[in-house]
Amino acid sequence: MAVVRQFQGPIDLHAHSSVSDGTETPAELVRAAAGAGLGTVALTDHDSTAGWAAASAAARTARITLIPGMEFSTRVQYASVHLLAYLFDPADSALLAEMTRVRAARLSRAEQMVARIGMDYDLSWDDVLAQTTPGATVGRPHIADALVARGHALNRSAAFADILHWKAGYFQPHYAPDPLRAIELVRAAGGVPVIAHPATRGIADVVSESRLKTMVRAGLFGLELEHRENKPEPTARLYELATKFGLYVTGSSDYHGTGKPNRFGENTTAPEVLDRIIAEGHGSAPVYG
Ligand code: AMP
Ligand code: ZN
Ligand code: FE
Ligand code: FE
């Protein structure tokens, strides 16, 4: 018989540590979440589970519930689609192979972008490495930090708005699986897939009704409709489609430490929805700290 638990405090299911592009270690992140008054936090680094062990240990000490998770990079043509995945088996070989492939593609893509930026700005790959925790999933935020350190941008947001913007000509996409395949992989690994921030500009076309229907058939659990980057109009439309297809709705901060203005608990997920995630997720277990 399942143990029924009452979740104490706000639930925030999307946060990044230095294992990807957040600025705090997994343990620091968990302590910051507890300090901000959260009752439950999910660690969802890009394409990696390397922070789970340290985050679990910190959750036990900080008396906060940890949901192990990941934000899986997927792609539809040129549009990047982020898939949150919770409670999957981190040792599942098919999922692991795809995660490894994506991380490698992100690395060579970052090296190529930096080589191109380096033709116009004083910036080297070593500058990027100096901003990256060894083994971390590399992304544009690390290049942004290197640009800031070199004085080419004031902060991450300014770097994204300028040199890292696709209009600047240095942007390059990287390999990522189709979201349908990613949903299947996550479910096959016992995990629970939720599309992250699906209503940001451009993504509205990607998450059309017909595409959403195929994702639901493949095992999609829900949509992260409460997120600061979602735009009102596509969000309203996706709320209708969530009702139509029986999808759950989550809300989260997408915390990145000092790397983004997003604060813990600025958006939250209902306890009933977390109950369903825990009921359906069977590849790994929550840590009840
Ligand atoms: P990438 O996946 O390497 O293309 O980088 C995209 C990541 O950069 C996203 O997952 C965000 O976490 C981060 N990001 C995007 N825009 C911004 C911004 N304006 N400021 C800081 N971080 C950003
Ligand atoms: Zn990120
Ligand atoms: Fe994202
Ligand atoms: Fe994120």
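Just so you know, ligand 1 is whichever comes first in the structure, and atom 1 is the first atom listed for that ligand.
Here the straight-line distance linking atom CD of E224 with atom CG of N230 works out to 7.0 Å at 0.5 Å rounding. Between the CD1 atom in I277 and the OG1 atom in T250 there is a gap of 6.5 Å [rounded to 0.5 Å].
Scanning the protein for heavy atoms near atom 23 (C) of ligand 1, the closest one is K260 CE, 3.3 Å. In this structure, atom 10 (O) of ligand 1 lies nearest to the protein heavy atom H46 CE1, 3.1 Å. Here the protein heavy atom with the shortest distance to atom 2 (O) of ligand 1 is R106 NH2, 2.9 Å. Nearest non-hydrogen protein atom to atom 14 (N) of ligand 1 is F160 CZ, 3.5 Å. For atom 12 (O) of ligand 1, the closest non-hydrogen atom of the protein is H256 NE2, 2.9 Å.
Protein N/O/S atoms closer than 2.8 Å to the Zn ion (ligand 2), listed by chain and residue number, are D21 OD1, D21 OD2, H46 NE2, H256 NE2. At a cut-off of 2.8 Å, measuring from the Fe ion (ligand 3), the protein N, O or S atoms that fall short of it are E71 OE2, H82 ND1, H197 NE2, waters left aside.
Checking V194, V186, L247, I195 one by one against F221, the side chain to side chain contact (heavy atoms under 4.5 Å, CB included) holds for a single residue, V194. A ring pair (Phe, Tyr, Trp, His ring centres under 6.0 Å) with H82 holds for exactly one of H227, H14, H197; it is H197.
A donor-acceptor pair is defined here as one N or O able to donate and one able to accept, closer than 3.5 Å; no such pair exists between the side chain of T65 and the backbone of T40. No donor-acceptor pair closer than 3.5 Å links the side chain of S18 to the backbone N or O of T133. No donor-acceptor distance shorter than 3.5 angstrom exists from the side chain of R156 to the backbone of A144, with no hydrogens or angles considered. Counting only distance, with no hydrogens or angles, the side chain of Q131 and the backbone of V128 share no donor-acceptor pair below 3.5 Å.
Remark: K244 NZ is loosely packed, at most 12 non-hydrogen atoms of other residues, nucleotides or ligands lying under 6.0 Å away.
With no hydrogens or angles considered, no side-chain donor-acceptor pair links D21 and H142 at under 3.5 Å. Side-chain atoms of D45 and S17 include a donor-acceptor pair closer than 3.5 Å.
Side-chain heavy atoms closer than 4.5 Å link hydrophobic residues (I, L, V, M, F, W, Y) into clusters, and following such links, possibly through other members, connects V81 to L83.
Using bins of under 30°, 30° to 60° and over 60° for the plane-to-plane angle, the ring pair Y255/F264 lands in the parallel bin.
The side chain of D21, and not its backbone, has at least one atom closer than 4.0 Å to an atom of ligand 1 (non-hydrogen atoms only; side chain from C-beta on). Under 4.0 Å from ligand 1, the heavy atoms of R109 that appear belong solely to its side chain. Neither the backbone nor the side chain of H174 has a heavy atom within less than 4.0 Å of ligand 1. Residue-level proximity to ligand 1 for R140 is carried by backbone and side chain together, each with a heavy atom below 4.0 angstrom. Counting heavy atoms under 4.0 Å from ligand 1, residue H16 does not touch it at all.
Ligand 1 has no nitrogen or oxygen under 3.5 angstrom from a nitrogen or oxygen of R156. In terms of polar-atom proximity, H82 is not counted as a contact of ligand 1, lacking any N or O under 3.5 Å from an N or O of the ligand.
Side-chain rings of W52 and Y86 stay apart, their centers remaining 6.0 Å or farther from each other.
Remark: R75 is not positioned above the aromatic ring of Y175, lacking an NZ or CZ atom under 6.0 angstrom from the ring centre and at most 45 degrees off the axis.
Interface atoms of ligand 1 facing G139, defined by a heavy-atom separation under 4.0 Å, are 3 (O). The distance from ligand 1 to the heavy atoms of G259 drops below 4.0 Å at these ligand atoms: 21 (C).
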Review point. Given the rule in the salt bridge (Lys or Arg N to Asp or Glu O under 4.0 Å) test, do R150 and D127 qualify, once you have shown the distances and angles that lead to the verdict?
Key: CA-CA 8 Å; R150 280 277 173 205; D127 293 330; 3.0 Å; yes

